[in-house]
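Right, one structure below, let's go through it.
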Amino acid sequence: MRAVTRVMSRIALLQIDSVNVVRRAHYLPLFSRLGPYDVEFLHRAAGTAPRRFFEYWGHEASYLRVDLQPALRFRMAEAADVAWGSMRRVWAEQPDLVSSVLDEVATRGPLTAREIEHDAPRTKEHWGWNWSHVKIALEWLFYSGQVSAARRNSSFERVYDLPGRVLPRSVIDTPTPSPAEAHRTLVRAAAKAHGVGTGQCLRDYFRLKPKPTADAIAELVEAGELLPVAVEGWKRPAYLWHAASLPRRADACALLSPFDSLIFERGRTERLFDYRFRLEIYVPAPKRVYGYYVYSFLLGERIVARVDLKGDRHLGALLVQGAWAEPAAPTETPQRLWAQLESLAGWLGLGDVAVAPRGDLGPALKALADST
DNA sequence: CTATCACCCACATTCCACAG
DNA sequence: CTGTGGAATGTGGGTGATAG
C-alpha cells in the first residue's frame with residue numbers, strides 16, 4: 001500500500017477535468033475557478049455546434065462533457081424509479097399532460113416552461129418551490145432524457161428542446177453502454193478530477209449508488225487504473241488515479257462558489273483542508289453563522305478565508321457582507337483576496353466593491369477598499 | 001416615463017432516526 | 001459502520017404588466 005500525504009492529495013485535487021455549474025449565475029458566478037476568458041469559452045462551447053457541453057444531472061444540475069452523455073443514459077432509463085416524487089406522480093397520473101408537453105416542445109421548441117400556455121395548477125411540495133404541473137412534466141421529460149436543455153435564458157430558466165436538436169449527431173449515434181461500463185466511465189472521470197479520493201468521493205461526484213460504484217472501483221483497481229493507497233489521517237481506504245500528476249506545489253488563487261466541485265463533498269473538504277463549510281442559503285437568517293451565499297477563498301493549496309458576497313446591480317457594487325480568516329491564512333491574505341474581489345466585480349459588470357467590516361478580515365478589507 | 005408589484009423560476013443540504 | 005429515507009429549511013432576481 002502506497003502512502004499519500006494529505007498535501008499531495010490536496011495538490012492532486014486541483015486538477016479538474018470537468019466543470020460543475022450553475023445556479024444564480026447572473027448575480028454570483030459559479031464558474032468560480034475559471035477566469036472571464038474561460039467562462040466565455042464555456043458559454044460558446046455549450047451553445048454552438050459542435051456542442052461540447054450539455055446540461056444534465058451529474059453531481060447535481062451540471063454542465064457535462066457531451067461525450068459523457070451515453071454513460072448517463074442508465075440514469076435516464078431509471079427515471080421512473082429514481083426521479084423525485086412529484087415527477088413520478090405527474091408521469092403516472094397525467095400521461096396526457098406529459099405527452100402534450102412533449103408534443104409542444106417537438107413542434108414549437110426550444111421553449112421555457114413559462115412559454116407553454118396552460119392553466120394547470122401549481123403545487124407546493126418539498127422545498128416550498130411552486131412548480132406548475134407543466135414545469136414538473138418538463139422536468140420529468142428532462143430527467144428521463146426525452147428532452148434536453150438547449151440553454152438557459154437571461155432569467156436563468158431552462159430552455160427545453162428535443163435531444164436530437166441539442167446533442168451532436170455523433171453523441172446521439174453512440175451506442176448505449178451497459179450500466180457496468182457506464183459506471184466505470186463515470187468513476188474514471190471522477191478519479192481523474194479528484195486525483196486521490198475515497199470510494200465515497202468517487203461515488204458522490206456523479207451521485208452514484210454504492211453497489212455499482214464499488215464494483216466499478218474493484219474492476220478499475222484490477223485493471224491498474226486505480227491504485228489503492230492510504231492517505232495520512234484518513235480512516236477509509238483511498239484510490240489514486242494511475243495517471244495523476246503530483247506537482248511539488250500549487251499556486252491557486254480563486255474564490256470558490258458554494259457549489260464548486262473542489263468543496264461540494266463536505267466531508268472530503270474537511271479531511272483535505274481542515275475546513276468546515278456548510279451551505280446556509282436554506283438556513284433561516286437568524287440562525288446563519290456566516291451568511292446567505294459564502295465564497296471560500298483558495299490560496300496556494302489551502303482555503304484561507306471565506307466571504308459572504310452579494311451582487312447588487314442597483315448599486316452597481318459587489319457587496320462584501322462579511323469576511324473571515326481561517327487559521328491557515330498567511331499575512332498577504334487580505335491583499336490577495338481584495339484582488340480577487342475586484343476581478344470578480346469587474347467580471348460581473350459591477351464598478352465597485354463595497355465592504356461591511358463584519359468578521360475578522362472585515363477591517364483589513366475595508367482599509368483596502370478605502371485606499372482605492 | 002418610472003416605480004412598484006405579481007408572478008415565476010431557481011431543485012441543495014443537513015441532521016437525525018433506523019435498518020442491516 | 002454504512003446506507004437510506006424523512007423532515008425541515010429561503011430569498012434573490014428577471015420579466016412584464018400595471019399604477020401613478
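Just so it is clear, the model here is predicted, and its values are computed rather than measured.
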Could you tell me the Watson-Crick or G-U partner of dG10(C), where both distances fall under 3.5 Å? Say none if there is no partner.
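Matched dG10(C) with nothing under the 3.5 Å cut-off.
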Inter-nucleotide P distance (dA10(B), dT9(C)), Å rounded
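The answer is 23 Å between these two P atoms.
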Do Thr213(A) side-chain atoms and Lys209(A) backbone N/O form a donor-acceptor pair below 3.5 Å?
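Yes; at least one donor-acceptor contact below 3.5 Å.
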Nucleotide [N], atom [atom2] - distance to [atom1] of [X] in whole Å:
X         : N       : atom1 : atom2 : value
Leu279(A) : dT11(C) : CG    : P     : 13 Å
Phe264(A) : dT13(B) : CZ    : C1'   : 14 Å
Lys310(A) : dT11(C) : NZ    : C1'   : 9 Å
Tyr292(A) : dA10(B) : OH    : P     : 14 Å
Tyr290(A) : dT14(B) : OH    : C1'   : 17 Å
Asp204(A) : dT14(B) : CG    : P     : 11 Å
Tyr293(A) : dG12(C) : OH    : C1'   : 11 Å
Ile263(A) : dT14(B) : CD1   : P     : 10 Å

Does one side chain, of Gln321(A) or Tyr293(A), offer a donor that lies under 3.5 Å from an acceptor on the other?
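Result is no, nothing qualifies.
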Gln340(A) and Arg336(A): side-chain donor and acceptor closer than 3.5 Å?
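The answer is no; no qualifying pair exists.
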For a quick test of reading the model: is some side-chain N or O of [X] closer than 4.0 Å to OP1 or OP2 of [N]?
X         : N       : value
Lys211(A) : dG3(C)  : no
Arg266(A) : dT14(B) : yes
Gln200(A) : dT2(C)  : no

Between His194(A) and Tyr239(A), does a ring-ring contact (aromatic ring centres under 6.0 Å, His included) hold up when you go through it step by step?
CA-CA 10 Å; His194(A) 280 86; Tyr239(A) 303 91; over 10 Å; no
From the set [options], return the single nucleotide nearest to any side-chain atom of [X].
X         : options                   : value
Arg236(A) : dT2(C), dG3(C), dT13(B)   : dT2(C)
His59(A)  : dG3(C), dA10(B), dT13(B)  : dT13(B)
Arg207(A) : dT13(B), dG14(C), dG12(C) : dT13(B)
Lys135(A) : dG14(C), dG3(C), dA10(B)  : dA10(B)
Arg288(A) : dT11(C), dT13(B), dG14(C) : dT11(C)
Arg203(A) : dG3(C), dG10(C), dA10(B)  : dG3(C)
Arg158(A) : dG13(C), dG10(C), dA10(B) : dA10(B)

Please identify which of these residues, Val171(A), Thr176(A), Ile172(A), Thr174(A), meets the side-chain contact (heavy atoms from CB on, under 4.5 Å) condition with Gln69(A).
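When side-chain contact (heavy atoms from CB on, under 4.5 Å) is applied between Gln69(A) and each of Val171(A), Thr176(A), Ile172(A), Thr174(A), only Val171(A) qualifies.
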At what distance, to the nearest 0.5 angstrom, does OH of Tyr143(A) lie from OH of Tyr56(A)?
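It comes to 5.5 Å.
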Considering every strand and a 4.0 Å limit on heavy-atom distances, what is the contact class for Phe142(A): base, sugar-phosphate, or nothing?
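The answer is nothing, as Phe142(A) stays clear of every strand by at least 4.0 Å.
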With Gln146(A), which residues qualify under side-chain hydrogen bond (donor to acceptor under 3.5 Å, both in side chains), at least two apart?
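side-chain hydrogen bond (donor to acceptor under 3.5 Å, both in side chains) check on Gln146(A) returns Ser144(A).
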List every contact pair, protein side and nucleotides 15-20 of chain B side both N or O, where the distance is under 3.5 Å.
{"from": "dC15(B)", "atom 1": "OP1", "to": "Arg276(A)", "atom 2": "NH2", "distance (Å)": "3.3"}

Within residues 352-372 of chain A or reaching into it, pairs that qualify as ring pair (Phe, Tyr, Trp, His ring centres under 6.0 Å) - sequence neighbours excluded
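Residue pairs with at least one partner in residues 352-372 of chain A: there are none.
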